[in-house]
Amino acid sequence: MGVDLTDLVLDVKRELNFAEIKGKKVSIDAYNAIYQFLAAIRQPDGTPLMNREGKVTSHLNGIFYRTVNLIEEGVIPVYVFDGKPPEMKAEELEKRRRFKEEAEKKLEKAKQIGRIEEMRKYSQMSSRLTGEMAHQSKELLELMGVPTVQAPSEGEAEAAYLNYSGYTFAAASQDYDSILFGATRLIRNLTITGKRKLPNKDIYVEIKPEVIEADTLFKKLGITREELIDVAILIGTDYNPEGIKGIGPKTAYKLIKTYKSIENINKKDLDPSQIYFDYKKIRDLFLKPQVSSPSSSLELGSPDAEKVIGMLVKEFDFNEERVKNTLNRLEKAIKELKGIGRQTGLDQWF
DNA sequence: CACGGGTA
DNA sequence: TACCCGTGG
């Protein structure tokens, strides 16, 4: 799930204007994006899209159409895939597994009483992104000519690293962890747009991409990245999911703002016995995550239309006409995008 | 979520 | 052109 920093970023987050990322690379936390497609691209009763053999295709649908739309908007997406999770994430992963099991039980009940709305909700909650799905997504992107990066460990950390090292202009993820990992610019809601249903209500809200600039956030809060990491640890991260009982974003921020670090917090403000986790190790996971320099160029290549059709149409039963249409749009968008690189610098004269 | 045909 | 809505796989 990541760290809940919503309350702390409220004042600095702003709507993304696509013009500001035109022609720029954005490292996308692939797992995060694919998971959202998998959860969202479903029939009203929650059944995911599947080919005739019953293999789920929701993730491929999302990757294919959304990515082409992004490239048409002028963005060069760089999808970063997860490697092996850090051992300290085990508890969080176990927690997620239990959550899925609960959702599956609730789904069965909803099915029995035939409540379509509930069925959809619990299907979404119980969706699982398999290794095979991640692999298929990566394969599709490669056939499309879209750069991918294999992270040694956390994809989000690698995406942030690509960002602060200058390979990409921003990092895209739903999770605020990106900023803890060092991203300079975080874009949320890049891969999901449109309307989203409010939980348990019949109200739909417009979801728009938003930007959070790390430096602006640090300045606004008057703390450093290191200090924000300590704030996050108090609230609870993927590496200490429980956080500290009774401490939320506001309190955590106040404590670190006052004391600068977890070890400096006065005993009267926080009973040290509450800190049962190895916070120094967690700090290191954010400050010195396992990352690696990209081995490929991270440039858009030429799509292999034949193979994309082979995969989507022949193997996964996508509509041939739609796929061909979209491939044409993709080729056109790539050409235009490559034109931007050559033309910049000339534009100012015209 | 996204497409595309229909409708105003 | 903007939105609605049924369907995609």
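Below, chains carry the letters A, B, ... as their sequence lines are ordered, and counting in each starts from 1.
- Rounding to whole angstrom units, CG of residue A:L49 and P of B:dC3 are separated by 13 Å.
- Phosphate contact (OP1/OP2 of B:dG5, side-chain N/O of A:R322, threshold under 4.0 Å): absent.
- Here the side chain of A:R185 pairs no donor or acceptor atom with the backbone of A:E213 at under 3.5 angstrom.
- One atom, CG of A:L60, and another, P of B:dC3, lie 15 Å apart when rounded to the nearest Å.
- Put simply, CG on A:L38 is 19 Å from P on C:dG8, counting in whole angstrom units.
- The residue A:R42 sits close to a base: some heavy atom pair falls under 4.0 Å.
- Taking a 6.0 Å sphere around NZ of A:K100, one finds it holds more than 12 heavy atoms contributed by other residues, nucleotides or ligands.
- Distance CG (A:L312) to C1' (C:dG8): 13 Å, rounded to an integer number of Å.
- Sorted by first then second residue, the ring pair (Phe, Tyr, Trp, His ring centres under 6.0 Å) pairs that include residues 208-257 of chain A, not counting sequence neighbours, are A:Y239-A:F286.
- Checking side-chain atoms of A:R66 against main-chain N and O of A:L190 turns up a donor-acceptor pair under 3.5 Å.
- OP1 or OP2 of B:dC3 has at least one side-chain nitrogen or oxygen of A:N69 nearer than 4.0 Å.
- At the heavy-atom level, A:Y65 lies under 4.0 Å from the strands shown only through sugar-phosphate atoms.
- Across B:dC1, C:dG9, B:dC3, the shortest atom-to-atom separation from the side chain of A:F316 is found for C:dG9.
- Here the P atom of nucleotide C:dG9 and the CD atom of A:Q43 are 11 Å apart, to the nearest Å.
- Partners of A:R329 by salt bridge (Lys or Arg N to Asp or Glu O under 4.0 Å), not counting sequence neighbours, listed by chain and number: A:E72.
- For A:K208 and B:dC1, the NZ to P distance is 14 Å, given to the nearest whole Å.
- Between A:R329 atom CZ and B:dG4 atom C1' there is a gap of 11 Å when expressed in whole angstrom units.
- As rounded to whole Å, 15 Å separates atom C1' of B:dC1 from atom CD1 of A:I28.
- Distances shown here put every side-chain N or O of A:N319 at or beyond 4.0 Å from the OP1 or OP2 atom of C:dT7.
- Using a 4.0 Å heavy-atom distance criterion, A:N61 is classed as a base contact.
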